Amino acid sequence: MQNTKRTVSTTTRKPSSNNRTSNRWTARWVRKNYNVNLTKWSKKDTSKPLNKKPDFKIKSWETPVKVGSLLGLEQVGQCIFIEYKNDMILVDAGMEFASWDLTMWADYIIPDISYVKKNIKKLKGILLTHWHLDHIWALRDILPELNYPTLYTTPLTLGLVKKSFEDPRNIKKIKYKLVDTDTEIIKIGCFSIEFAGVNHNIPETYAISINTPKWTIFTSADFKIDYTPSIDKPADLAKISRIGTEGVKFYIWDSLNSWKQWYVQSEKVIWDNLSDIIRKTPWRLIIATFATNVWRSIQVIKNAVKNNKVVFLSGRSMLNNIEVCKELWYVNVPNDYLRKLDKTADEMPDNKVVILSTWAQWEEFSALARMARWEHAQIQLRKWDTILLSSTVIPWNERAMMTMKNNLVNKQINLITNDDMDVHASWHGWAEDHKLMLHLLKPDYFMPFYMDAFPRFAHKNLAIDMWFDEEKIIMPEQNWSIIELYDNGVKISDEKLKLNTILIDGKWVWHLSWEYVIRARKIMSEDGMLTFILKIDTNTKEIIGNIQIESRWFVYSSEVKKIHTDIVNYIRKKYNLYYKKMWTKFVLKKIKEELTNYIVQIIWREPMIVPMFVYINRESIKSDINEEDAIIWMTLEEQGWE
Ligand SMILES: [Zn+2]
């Protein structure tokens, strides 16, 4: 084995530490002498303080251009504001899928726009890169809050945004300007803006170049580069190259898949394979994809009609999206060939039926999930039906996916997945696509974005491998960070935003950090719930009769009798100890605390405890509690939820 250490000590000199070229020199030195991958070397710098002194001069009177991330540094999704003096614009307003362990099945999370609201007079509009939930879905919640600023976008994105607003009165309030993305440079406040087409999985996806009074900022949005896309045009590399030649100071870069080696598969391959499967399958064919994968849906519809097969659409979001595509002529097929899923799919010859179904893997009510459980109202799967899964499996959902697949093959349903042939291509570019973009734009600074920290660091390493100066890769930790663009450089600001996690749960919108409900759900999901009711005499405050007890997901049937009896005896003993000394609500609060410890001791579980009481006047059999108390009883605070 070669003794690399000795070689280093005898043949090399140490790099100087302070000049700009030292990083590159060091990198070459390490690579030459140690034969190691630079990704390991570069991680060394991640411990540097975020707000270290910039290595450029800031003029005391200078106002920087500010770029702030409200969504995109800790999750998949995008919502950025760009601010200069009296003008501010937003780029996208996406949502984050709420992870069940953090939010316990709340619907989704939206960006905290309190900073934008505080500066509402500056807000001149919102640019939209494309219609995907993680880029536009928060609009329906935040547009009313921001008094409906103008949306700058393209027809498909606008059409789908309007669909996401359920109330037609609110749809009417949406103000917008459709952008001619080929030629137009739009002026919004002090900013000049150009759209440049990229590929993704939905038509009309655009990177955006924002020319500010100081520098140009470029955001790639979600992108891949496809020279043979099956539905829309190839990415506009000429325009992107021109923008790069004119000078990009700061590039905000979609990090997803930047760690995957080589180029992402072209949609042309997927088109050809889908076409083959649709033509040759003699049975009913069910193709499941995300409703947001509009490209795939259009590919399926065009191929099915070409082969004289009828497409049945299943799932509300699929129906909505295809309706907009029809209005805009992305889907132009005879009406008979495109129908909402109904019983006729059971009556037609098998080789004439294609069902295009939603498949949201985090959502157990997606159409495919219901079919796989034989709970779908319109269609019953039967032997030899063929299901094609044209999406990738979300990593944390692999177990649930395997269960679904097992159920299907056990019923002799055919399954075709990406393991069999290429029936799905990623929506985001791989390493070589990212490298091309960086070469074309040649930014002075860039910020890996649209992901949490670990993938963003992988992205950073890719740029370092291309000899990008590590000092100029901006790596804020969290969404509260603001990036400042000065005449002489770019830095992370000392100013930080205070952001909350804003949850949407049904019709409820609130800050995660303020709310008990989510915590209560978590406790119940882990250790169950116990509730008991005391009937208390209005005059003497003694317990009348039995204590009623109920529990859920807490004790097993073999132990329920003994444990419930022990708990009831414990409650009675404690109540009799305290009831003469304090008001009933405080007695129950104390019992709750002590009962929690008691239960932990006897069975090592800590359920959510909900004590309740009812006053009964034994003499007049007339309750003297007021109506409000009768309905509310104890609030969560009174039960000890501080
Ligand atoms: Zn997207």
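Remember, it's 1-based here, ligands and their atoms both numbered in the order they're listed. What you are looking at is a predicted structure, and each value in this text was computed from that prediction instead of being measured.
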Is the count of non-hydrogen atoms from other residues, nucleotides or ligands lying under 6.0 Å from Gln261 atom CD greater than 12?
no
Can you confirm whether Lys233 is buried at NZ, in the sense that more than 12 heavy atoms of other residues, nucleotides or ligands lie under 6.0 Å from that atom?
no
For the pair Asp87 and Lys122, find out whether any cationic side-chain nitrogen is under 4.0 Å from an anionic carboxylate oxygen.
no
By residue and atom, what protein N/O/S atoms are less than 2.8 Å from the Zn ion (ligand 1)?
His130 NE2, His132 ND1, His200 NE2, Asp222 OD2
Evaluate the ring planes of Trp253 and Phe446, with Trp represented by its six-membered ring, and classify them as parallel (under 30°), tilted (30 to 60°) or perpendicular (over 60°).
perpendicular
Measure the spacing between CG of Asp222 and CG of Asp92 and express it to the nearest 0.5 Å.
8.0 Å
Are there over 12 heavy-atom neighbours, none belonging to Lys268, within less than 6.0 Å of that residue's NZ?
no
